[in-house]
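Reading through the structure tokens given below for one structure.
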There are 4 protein chains.
Amino acid sequence: MLKRNKPKYKQIIEAAVIVIAENGYHQAQVSKIAKQAGVADGTIYLYFKNKEDILISLFQEKMGSFIEKIQKEIGGISSPTEKLYVLIEKHFQLLAADRHLAIVTQLELRQSNKELRLRINEVLKRYLKVVDDILIEGIEKGEFRKDLDVRLARQMIFGTIDETVTTWVMNEQKYDLVALAKPVHQLLTKGCAA
Amino acid sequence: MLKRNKPKYKQIIEAAVIVIAENGYHQAQVSKIAKQAGVADGTIYLYFKNKEDILISLFQEKMGSFIEKIQKEIGGISSPTEKLYVLIEKHFQLLAADRHLAIVTQLELRQSNKELRLRINEVLKRYLKVVDDILIEGIEKGEFRKDLDVRLARQMIFGTIDETVTTWVMNEQKYDLVALAKPVHQLLTKGCAA
Amino acid sequence: MLKRNKPKYKQIIEAAVIVIAENGYHQAQVSKIAKQAGVADGTIYLYFKNKEDILISLFQEKMGSFIEKIQKEIGGISSPTEKLYVLIEKHFQLLAADRHLAIVTQLELRQSNKELRLRINEVLKRYLKVVDDILIEGIEKGEFRKDLDVRLARQMIFGTIDETVTTWVMNEQKYDLVALAKPVHQLLTKGCAA
Amino acid sequence: MLKRNKPKYKQIIEAAVIVIAENGYHQAQVSKIAKQAGVADGTIYLYFKNKEDILISLFQEKMGSFIEKIQKEIGGISSPTEKLYVLIEKHFQLLAADRHLAIVTQLELRQSNKELRLRINEVLKRYLKVVDDILIEGIEKGEFRKDLDVRLARQMIFGTIDETVTTWVMNEQKYDLVALAKPVHQLLTKGCAA
DNA sequence: CATGAATGAGGATTCATTCAT
DNA sequence: GATGAATGAATCCTCATTCAT
């Protein structure tokens, strides 16, 4: 059986999300995660190479299912503009539904060292690929302009979504994030121009 | 004479930028900064309360002059759309001109703890205020649409600029960042729509 | 099992006594104590909250057994005057038998900060209570004079014993401390006698 | 002119007493003493070899005038028993009159290192000599018993006086110390009396 | 004489990781 | 597989002292 399918593997990752969200990245000691997961400190190392591996795995697992869910949702949609809307809405929905995960991805995991963030970026690329594909399809289908710089447009889309979620988390998730999907989508597709 | 006008104050901040950029946030020991600045370890503490104070001061000094320069540039411009362009271009120019500072602001300083990031955010607000003012003026002058959500638009603008710079830094500053000012400005003002 | 009954707990305390006696309070680094105890530096912190906690525990353990031994000795004696003699003799015997402990209690521990000394005083109070009890019993039994000020008499007894031991330690324990029990007792009881 | 007769010499010593009494031995930095004395840090070193020298000088100056005053008082008295009374009363009076000095000599200076305390003891010996002389005279004049062990009696006298003052200081000088001179004298002379 | 900016040595503590049981 | 006691490397800051002015 694959390591990542064993119950304790998932148990430890869920514990890590909770511990990091509640204590902050720098106060999330391995012993705290072990305690939260209900296992001994040493047991962690039967499932993860080291502490960094927990965090990378956490991001891979969570981001993986994140991307899968979004791909499934936009799979049946033909309009790229519409696909972009669903991507934004789903992105907001998934993070709004998991307060802990939102804190971890938007605030805490960014405190990790450069090394870890490079690994995280590799995972992110799969997400950015989804955005790229929508953009390319949109250009081909004539919904987006021909001379659109896909890389820049993707940076705008991701940058805007990310900044919107981060601001929401830093405001202690006080307002309805999902409700912003529509105006954000409008901004991104139509722009500020009069 | 104010502490922050003394030569060693600036000397230490410049040293901190270099050391953090070259060694990373977590490998930027006080002794390394002192050595780079050409002063004794203890001298650091004649000018800064503690290590965190160096980082906060660094950000305040750099971001402060950053904002001042941008404000000066857009001061003489009447069109908000044009102002936004100059803001983007200047933002890119200033960071492209200081490789070390770009690494520090886009990557290293984000690893700081929540406390420090809150302090950094206070400084950032002044920048976001500049963006907001441009947007409000744009709406009033009829260059931007009446129903524009200023907060969301600001999050798009800052998120896009930030993501663009970060991607550039993570790609080792291999391409011309300033050249992106025009298409980014176009994207932000006109959007992706055909 | 209680932390204080584990072998390493006692091992570390014994090491602390030796290191402090041989190097002095301010030269008794945690790493030195760990080395003397044959454990890693970090192990100290599995048994003690911090360095101060080692010193407080040391005093509590040693003074605790000190008081117990004295109480056991005087338990079977009926005459308060005789009790006082045994207390003095036992006090001298116990410190004369442990050169290191004598140095630590008479010289080194007094260099501790006010906070620590307040904690030490709490332990000392138990000792002073034993003296008080002897004095009160002596007054009741008519061996000591009715108008004896118990507090002052206790200060005389403790002050004299303490000064005698300190002088002996400062003279490098060159003469026989225990032999002084009899003349000291004589001096002290004349002051108290009815 | 002798260094110790210059105004700044005395100024610094008075400052040291105040700073140590108010901040504690370990919080009495040279810079604090300099500030309190109204001189620059460096000036301290024109009058004292090092920090330890300040403390030794402080004790020498204060203890010196302490002993002189006591010697002057007992000079005109013929009875050794009476002399002892005046010594105790004067000892209590002088410390009761200078709260700061009492704190410094009874609590703070004892936190100094072994080296410093050895130096302090040399000064103390002059005081103990005064006691010894009274005792010897008392034996010769038949007021104290012939077989009195002078060294032990001196340790009792000094130990008792010292313990009494220390207890009074630790009780925040709440009660009348001088009033204790009489009962303390009574306790001590009974032990010595012929 | 006086200044005060600059110096730099020194140590308690944390926590990821190991390994004997 | 699971445990958790033990390890030990690594760093910020203080403050007595100096010396150029």
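Every chain is numbered from 1, with letters handed out A, B, ... down the list of sequences. Note that the coordinates shown come from a computational prediction; the quantities given were computed from them, not determined experimentally.
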#### Entry: Residues touching DNA chain F, which here means a heavy atom under 4.0 Å, drawn from residues 46-55 of chain D
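Residues of residues 46-55 of chain D that come under 4.0 Å of DNA chain F are, in numerical order, D:Asn50, D:Lys51.
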### Message
Just to be sure I understand the geometry, which residues of residues 28-38 of chain D put a non-hydrogen atom under 4.0 Å away from DNA chain F?
### Response
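DNA chain F contact set from residues 28-38 of chain D: D:Gln29, D:Val30.
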### Query
Between which nucleotides of DNA chain F, 5' to 3', does chain B make heavy-atom contacts below 4.0 Å?
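Using the under 4.0 Å cut-off, the span is F:dT11 to F:dT14.
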### Query
D:His100 and D:Ala21: which non-hydrogen atoms are nearest, and at how many Å?
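Heavy atoms of D:His100 and D:Ala21 come nearest at CD2-CB, 3.4 Å.
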### Query
Roughly how far apart are A:Ser57 OG and A:Lys10 NZ, rounded to 0.5 Å?
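Reported value, rounded in 0.5 Å steps: 11.0 Å.
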### Message
Dot-bracket, 5' to 3', for DNA chain E please: Watson-Crick or G-U pairs under 3.5 Å, [ ] where pairs cross earlier ones, | where the partner sits on another strand, dots elsewhere.
### Response
.||||||||||||||||||||
### Task
Please test A:Val123 against A:Ile56 for side-chain contact (heavy atoms from CB on, under 4.5 Å), starting from the C-alpha separation and ending with a verdict.
CA-CA 9 Å; A:Val123 183; A:Ile56 294 172; 5.7 Å; no
Do any N or O atoms from the side chain of [X] and from the backbone of [Y] form a donor-acceptor pair under 3.5 angstrom?
| X | Y | value |
| --- | --- | --- |
| A:Asn121 | A:Leu124 | no |
| A:Arg110 | A:Gln106 | yes |
| C:Arg119 | C:Asp53 | no |

### Task
Would you mind reporting whether D:Thr166 and D:Leu107 have side-chain heavy atoms less than 4.5 Å apart?
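Yes. Closest side-chain heavy atoms under 4.5 Å.
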### Message
Any non-hydrogen side-chain atom of A:Leu95 less than 4.5 Å from a side-chain atom of A:Thr105?
### Response
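Yes. Closest side-chain heavy atoms under 4.5 Å.
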### Query
What pairs of residues pass the ring pair (Phe, Tyr, Trp, His ring centres under 6.0 Å) test when at least one of them lies in residues 25-57 of chain C, not counting sequence neighbours?
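Sorted pair list: C:Tyr9-C:Phe48, C:His26-D:His26.
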### Comparing C:Thr43 and B:Gln27 on DNA chain F - which has the more 5′ nearest nucleotide
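Taking each residue's closest nucleotide, the earlier one in sequence belongs to C:Thr43.
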### Task
Would you kindly compare D:Asp41 and B:Ala40 by the position of their nearest DNA chain E nucleotide and give the one closer to the 5′ end?
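The residue mapped nearer the 5' terminus is D:Asp41.
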Using distance only, find each side-chain donor-acceptor pair of residues 28-41 of chain A under 3.5 Å and give its atom names and separation, not counting sequence neighbours.
from	atom 1	to	atom 2	distance (Å)
A:Gln29	OE1	A:Lys32	NZ	3.4
A:Gln29	NE2	A:Gln27	OE1	3.4
A:Lys32	NZ	A:Gln27	O	2.9

### Query
Under 3.5 Å, is there a donor-acceptor pair linking the side chains of A:Gln111 and A:Glu108?
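Their side chains do contain a donor-acceptor pair, which is all the 3.5 Å distance test asks for.
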### Task
Go through A:Leu58 and A:Val104 one step at a time and tell me if the side-chain contact (heavy atoms from CB on, under 4.5 Å) criterion holds.
CA-CA 10 Å; A:Leu58 182 164; A:Val104 170; 4.3 Å; yes
### Query
To the nearest angstrom, how far is C:Asn23 atom CG from E:dG11 atom P?
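It is 11 Å, rounded to the nearest whole Å.
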### Task
Whole angstrom is fine here: how far is it from NE2 in B:His26 over to P in E:dC15?
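So the two atoms are 13 Å apart, to the nearest Å.
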### Query
Are B:Glu22 and B:Arg99 close enough for a salt bridge, meaning some N to O gap below 4.0 Å?
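B:Arg99 and B:Glu22: not salt-bridged.
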